[in-house]
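Following: one structure in structure tokens, then a few remarks.
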Amino acid sequence: MANETLTVTDNRTGRTYEVPINDDTVRAMDFRQIKVSDDDFGLMVYDPGFTNTASCRSVITRIDGDRGILEYRGYPIEELADSGTFLEIAYLLIYGELPTQAQLDEWMREITYHTFVHENIKKFMEGFQHDAHPMGMLVGTVAALSTFYADAKEVDDPQSREKQTQRLIAKMPTIAAFAYRHSRGLPYVYPDNDLSYAGNFLSMLWKMTEPKYEPNPVLERAVDVLFILHADHEQNCSANAMRSVASSRVDPFSGTAAAAAALYGPLHGGANEAVLRMLTEIGDKKRVPEFVKRFKAGEGRLMGFGHRAYKNYDPRAKIIKETADQVFEVTGRNPLLDIALELERIALEDDYFIERKLYPNVDFYSGIIYQAMGFPVDMFPVLFAIPRTTGWLAQWRELVQDPEQKIARPRQIFVGEKRRRVVPIEKRNAIREHAA
Ligand code: ACO
């Protein structure tokens, strides 16, 4: 068997070092021994955006971007989306195994039990401006929840971790729906614990004067599938935010607020909104070739295409496309779908996109479905945050139990002024004028 090491020669000194390779990875700290002198700090590695740096060992989610594979705890996303419910998959992400019927019943009972929020949370949300963005309300309110649960600080107590996990998964749809109702000036609807996780969410969003909201089973299932597809995606920007913030041992409500804030950004949870804007601008199937030409010339990007990890079809996009057909049978066809299908057809046959391995990603079709279901565009990141909370919590639980983890505290390459003396304020103008 080949020697599992890396031999490095420092040409500054001519010295050679042998660094172990484990899991096709070298440890950054093994490079610190490489020095030009005894008082040298040692070699660092530089990786803005963490494009080639593993921050943890994880057993939760695996992506093989070249093959278009996504697995939660070893199960392909296609099988999970086909057969499971969101709460079943949430159990899998949190505990590592699919539940038995008894375990699922107990888990559903616990989640259902925690769907209500304290009445003061409702009052807190009433304080937001009428036109506040629902994602801003969600981020602020989740952070505020930490003040209601003092026991959440006990992050090393397994029982406390269980409680906060259940509370967060249960309360996110309630807060999300309250944020939506607030932005529409509608009264809040309390959770209906007879309904499924997705069904209850739809009830809290859409219920008006009817005594009991009956969710359409096709739309309820579509929301559940979309929740499954968005539940985790390994070390993405928001999962990394959760891990980084929680590494200070702060409570998980504060950590989840930080993760949701990361998701809010247009480079992360906001791309499906950009897809909708792009499809609306194209406006007609006939104009697709003209726009594709523009994208190839570097005039904007084909939104919803390309991915840092996937250099193949995003497996989630395939499932979403099938879900779209089912949703449109109920809601009527979103006219933007025809433009999207034509765009995909032309792009996938075009050498520019083939050579660069650009395929539809999860956001290409999700916005079209959400729009057909009646969600306003500013709710799109909120719809992402609800299921992703499960992923953030799975990542958090792994982090706090990992003895190798420390507070996240990167190094820097300092390129600013070295040591200089303070000039008294009355002399600064004269010195600067002299320098100019
Ligand atoms: N349209 C046209 N050209 C593209 C696109 C696109 N959507 N994406 C990448 N390219 C081209 C680039 O111009 C570049 O071409 P070049 O080699 O001639 O310079 C090449 O493909 C590689 O692109 P990079 O930007 O280096 O790829 P990277 O992995 O850094 O970017 C990203 C990935 C940000 C997702 C990119 O593909 C993109 O901007 N896509 C559109 C936005 C989008 O849909 N984002 C959602 C991602 S999914 C999610 O976050 C939930």
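Atoms within a ligand are numbered from 1 in the order they appear, just like the ligands themselves. It should be emphasised that the depicted structure is a prediction, and the values quoted were computed from it without experimental measurement.
Side-chain atoms of Asn236 come within 3.5 Å of backbone atoms of His233 as a donor-acceptor pair (strictly under, hydrogens ignored). At least one donor-acceptor pair closer than 3.5 Å links the side chain of Asp40 to the backbone N or O of Gly42. Looking at Arg62, its side chain never comes within 3.5 Å of a backbone N or O of Arg73 through a donor-acceptor pair.
Salt bridge status for Arg249 with Asp156: present, with a side-chain N to carboxylate O gap under 4.0 Å. At a threshold of 4.0 Å, the pair Lys122-Glu126 does not count as salt-bridged, since none of the basic side-chain nitrogens sits closer than that to a carboxylate oxygen. The existence of a salt bridge linking Glu349 and Arg345 is confirmed by a sub-4.0 Å separation between a basic side-chain nitrogen and an acidic carboxylate oxygen. Ion pairing of Arg243 with Glu234 is absent here, as no side-chain N (NZ or NE/NH1/NH2) approaches a carboxylate O to less than 4.0 Å.
Within a 4.0 Å radius of atom 27 (O) of ligand 1, the protein contributes no non-hydrogen atoms. Atom 16 (P) of ligand 1 is flagged as protein-proximal [any protein heavy atom, distance under 4.0 Å]. Less than 4.0 angstrom separates atom 22 (C) of ligand 1 from none of the non-hydrogen atoms of the protein.
Cation-pi check for Arg294 over Phe291 is met; the charged atom lies under 6.0 angstrom from the ring centroid and within 45 degrees of its normal. Cation-pi check for Lys318 over Tyr313 is met; the charged atom lies under 6.0 angstrom from the ring centroid and within 45 degrees of its normal.
Here the protein heavy atom with the shortest distance to atom 35 (C) of ligand 1 is Gly306 O, 3.6 Å. Nearest to atom 12 (C) of ligand 1 among the protein's heavy atoms is Arg301 NH2, 3.3 Å. When hydrogens are left out, the protein atom nearest atom 47 (C) of ligand 1 is Asn361 ND2, 3.5 Å; that is the closest non-hydrogen contact. Taking atom 3 (N) of ligand 1 as the reference point, the nearest protein heavy-atom neighbour is Tyr352 OH, 2.9 Å. Regarding atom 4 (C) of ligand 1, its nearest protein heavy-atom neighbour is Leu358 CD1, 3.5 Å. Of all protein heavy atoms, the one closest to atom 33 (C) of ligand 1 is Arg308 N, 3.7 Å. For atom 1 (N) of ligand 1, the nearest non-hydrogen atom of the protein is Leu302 N, 3.0 Å. Nearest protein neighbour of atom 45 (N) of ligand 1, counting heavy atoms only, is Ala271 CB, 3.6 Å.
Not a single heavy atom of Phe364 sits less than 4.0 Å from an atom of ligand 1. By the 4.0 Å heavy-atom criterion, Arg294 is excluded from the residues contacting ligand 1.
Considering only heavy atoms from C-beta on, Val8 comes within 4.5 Å of Phe31 through its side chain. You'll find the side chain of Pro252 reaches within 4.5 Å of the side chain of Leu168, heavy atoms only.
Ligand 1 has an N or O atom lying under 3.5 Å from an N or O atom of Gly304, backbone or side chain. Between Phe305 and ligand 1, an N or O atom pair is found at a separation short of 3.5 Å. At under 3.5 Å, not a single nitrogen or oxygen of Phe353, backbone or side chain, sits near a nitrogen or oxygen of ligand 1.
Atoms of ligand 1 found under 4.0 Å from any heavy atom of Lys311 (numbered from 1 in listed order, with element): 29 (O). Close contacts of ligand 1 with Asp363, meaning ligand atoms under 4.0 Å from a residue heavy atom, involve 46 (C), 48 (S), 49 (C), 51 (C). Set against the non-hydrogen atoms of Arg356, the atoms of ligand 1 under 4.0 Å away are 11 (C), 15 (O), 16 (P), 17 (O), 18 (O), 20 (C), 21 (O). Atoms of ligand 1 lying under 4.0 Å from any heavy atom of His307, numbered from 1 in the order shown and given with element: 33 (C), 35 (C), 37 (O), 48 (S).
Counting all heavy atoms, side chain and backbone alike, Phe178 lies closest to Tyr188 at O-CE2, 3.3 Å.
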